[in-house]
Colleague: 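Just passing along the structure, written as structure tokens.
Basis for what follows: all heavy atoms, side chains included, without hydrogens, waters or symmetry-related copies. Counting convention: from 1, in listed order, for ligands and their atoms alike.
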Amino acid sequence: MMKIGVLGPVGSGKTTLIEFLTEYFVRKFAISVGIITNDVVSNHDAVRVYEELVVTKKVLPKENVVGLVTGGCPHTAIREDPSMNLRALERLTRRVRLDVIFIESGGDNVMSTFSGLLADYTIFVLDTAAGDKYPGKGGLGISESDLLVVNKVDLAPYVGADLEKMKRDAEKVRKGKPTVFVSLKTGEGVESLINVLKEELSIEGILRI
Ligand SMILES: Nc1nc2c(ncn2[C@@H]2O[C@H](COP(=O)(O)OP(=O)(O)OP(=O)(O)O)[C@@H](O)[C@H]2O)c(=O)[nH]1
Ligand SMILES: [Mg+2]
């Protein structure tokens, strides 16, 4: 089983990314996927994932989606004290056999990282709507995540975000680790996102491609 931690600023597209990848990999490769969402004070994301993937699209059984309301600081729940997430993971994997589990952090800042106990692989999701200053600002989440996804490239022209600058800055701070530029709304760039993950899942022995 591969535990994929998804983190990044509030509203960058973490839940949208998890929904997209889950639907793609379940439909295309019939793998078994679970999702744990972390929200600070609401259960908004779990309800949304449930409605979208369980009720409407029938991609997942309902027991594969767990929503946690962590309270307090979102970083703590995935890094310093991941016990709530570890318990949820344990309960979930006791009930169902999973190939992949996505764990979404509550929206957080560029310094956020996952405890190694909780995630084998991490995806940091940024978006262009905040302009092109990220990823040049660096921060552990941006520089150390296994995959950096720069989402909402469809919005870049409206805020004058220079994608080439973002590419150069990402290359500089990430020292060879992959970065993909996508729009989860229009579908632009999603093949490169899928290709990176296909490769990771085949390294883990989850996909045979
Ligand atoms: N224009 C545009 N909007 C997008 C794109 N991806 C996601 N969105 C929208 O951005 C909003 C936030 O997306 P979410 O997936 O909820 O973001 P999140 O990172 O999970 O947010 P939190 O969990 O609240 O931190 C939603 O209204 C999405 O429909 C994109 O590529 N382009
Ligand atoms: Mg979310």
Colleague: I want to know if ligand 1 touches L184 in the polar sense, i.e. an N/O pair below 3.5 angstrom.
Modeller: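 Yes; the residue has a nitrogen or oxygen that sits under 3.5 Å from a nitrogen or oxygen of the ligand.
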Colleague: Under 4.0 Å from any heavy atom of G107, which atoms of ligand 1 are there?
Modeller: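 Per the distance check, 25 (O).
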Colleague: With a heavy-atom distance limit of 4.0 Å, tell me whether V125 approaches ligand 1 through its side chain, its backbone, both, or neither.
Modeller: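 No part of V125 is near ligand 1 at this cut-off.
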Colleague: Just checking, any donor-acceptor pair under 3.5 angstrom between side chains of R48 and T15?
Modeller: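 R48 vs T15: no donor-acceptor pair found between side chains.
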Colleague: Flag yes if more than 12 heavy atoms outside K177 fall under 6.0 Å of its NZ atom; otherwise flag no.
Modeller: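 Enclosed: over 12 neighbouring heavy atoms sit under 6.0 Å from NZ of K177.
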Colleague: Backbone N or O of S143 within a donor-acceptor pair of the K175 side chain at under 3.5 Å?
Modeller: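 No; zero donor-acceptor contacts below 3.5 Å.
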Colleague: Does atom 25 (O) of ligand 1 have a protein non-hydrogen atom under 4.0 Å from it?
Modeller: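 Yes, there is one.
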Colleague: Tell me which N, O or S atom of D45 sits nearest to the Mg ion (ligand 2).
Modeller: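 Answer by atom name: OD2.
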Colleague: Assess whether atom NZ of K28 is packed by more than 12 heavy atoms of other residues, nucleotides or ligands within 6.0 Å.
Modeller: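 No - once you tally the heavy atoms of other residues, nucleotides and ligands closer than 6.0 Å, there are 12 at most.
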Colleague: Out of curiosity, is R48 lining ligand 1, as in a heavy atom under 4.0 Å away?
Modeller: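 Contact check R48 vs ligand 1: positive.
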Colleague: V6 and L17: side chain to side chain contact (heavy atoms under 4.5 Å, CB included), yes or no, with the steps?
Modeller: CA-CA 9 Å; V6 179; L17 176 92; 4.0 Å; yes
Colleague: Can you spot which of I18, L92, V49 makes a side-chain contact (heavy atoms from CB on, under 4.5 Å) with I36?
Modeller: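 Going through I18, L92, V49 one by one, the side-chain contact (heavy atoms from CB on, under 4.5 Å) with I36 is satisfied by L92 alone.
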Colleague: Examine distances only and state if a side-chain atom of D146 and a backbone atom of T122 form a donor-acceptor pair shorter than 3.5 Å.
Modeller: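 Yes, because the side chain of D146 sits within donor-acceptor range (under 3.5 Å) of the backbone of T122.
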Colleague: Taking CD in E199 as the centre, count heavy atoms belonging to other residues, nucleotides or ligands within less than 6.0 Å. Is the count above 12?
Modeller: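 Open: at most 12 neighbouring heavy atoms sit under 6.0 Å from CD of E199.
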Colleague: Do side-chain atoms of N38 reach the backbone of P74 as a donor and acceptor pair under 3.5 angstrom?
Modeller: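 No, because the side chain of N38 does not come within donor-acceptor range (under 3.5 Å) of the backbone of P74.
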Colleague: Looking at S12 and V125, would you say the former's side chain and the latter's main chain have a donor-acceptor pair under 3.5 Å?
Modeller: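 It does hold such a pair.
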Colleague: Return the closest protein heavy atom for atom 17 (O) of ligand 1 as residue, atom name and distance.
Modeller: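 Atom 17 (O) of ligand 1 sits closest to the protein heavy atom G13 N, 3.1 Å.
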Colleague: In terms of residue, atom name and distance, what is the protein heavy atom nearest to atom 30 (C) of ligand 1?
Modeller: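 The answer is K152 CG, 3.3 Å.
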Colleague: Taking heavy atoms and a distance under 4.0 Å, where does D154 meet ligand 1: side chain, backbone, both or neither?
Modeller: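 The answer is the side chain of D154.
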Colleague: At under 4.0 Å between heavy atoms, is it the side chain or the backbone of D39 that contacts ligand 1, or both, or neither?
Modeller: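 No part of D39 comes within reach of ligand 1.
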Colleague: What atom name does the N, O or S atom of E104 nearest to the Mg ion (ligand 2) carry?
Modeller: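 The nearest such atom is OE2.
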Colleague: Applying a heavy-atom cut-off of 4.0 Å, say which part of T16 lies close to ligand 1: side chain, backbone, both or neither.
Modeller: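 Both backbone and side chain.
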Colleague: Is there at least one protein heavy-atom neighbour under 4.0 Å from atom 21 (O) of ligand 1?
Modeller: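 Yes, at least one protein heavy atom sits under 4.0 Å from atom 21 (O) of ligand 1.
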Colleague: Taking the non-hydrogen atoms of E104, is any one of them nearer than 4.0 angstrom to ligand 1?
Modeller: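 The answer is yes, since E104 has a heavy atom less than 4.0 Å from ligand 1.
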Colleague: Do you see an N/O/S atom of T15, backbone or side chain, under 2.8 Å from the Mg ion (ligand 2)?
Modeller: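 Yes - counting backbone and side chain alike, T15 has an N, O or S atom under 2.8 Å.
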Colleague: Under a 4.0 angstrom heavy-atom cut-off, which atoms of ligand 1 come close to K185?
Modeller: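 Taking each heavy atom of K185 in turn, ligand 1 has 1 (N), 2 (C), 30 (C), 31 (O), 32 (N) under 4.0 Å.
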Colleague: Give me the residue, atom name and distance of the protein heavy atom closest to atom 19 (O) of ligand 1.
Modeller: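 It is K14 NZ, 2.7 Å.
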Colleague: Short N/O distance, under 3.5 Å, between V182 and ligand 1?
Modeller: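 There is no such contact.
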Colleague: Which atoms of ligand 1 are found less than 4.0 Å from any heavy atom of L155?
Modeller: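 Per the distance check, 1 (N).
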Colleague: Under 3.5 Å, side chain of R87 to main-chain N/O of R91, donor-acceptor pair present?
Modeller: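 Side chain of R87 to backbone of R91, a donor-acceptor pair under 3.5 Å: no, none is there.
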Colleague: Starting from atom 12 (C) of ligand 1, which protein heavy atom do you reach first, and at what distance in Å?
Modeller: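 The protein heavy atom lying closest is G11 O, 3.4 Å.
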Colleague: Examine the side chains of T37 and D45 and answer whether a donor and an acceptor come within less than 3.5 Å of each other.
Modeller: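 Short answer, no.
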Colleague: Using atom types as modelled and distance alone, determine if a side-chain donor or acceptor of T56 lies under 3.5 Å from a backbone N or O of E51.
Modeller: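 Yes: the side chain of T56 pairs with the backbone of E51.
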Colleague: Can you pull out the closest protein heavy atom to atom 6 (N) of ligand 1? Residue, atom name and distance to 0.1 Å, please.
Modeller: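 For atom 6 (N) of ligand 1, the nearest protein heavy atom comes out as N151 ND2, 3.0 Å.
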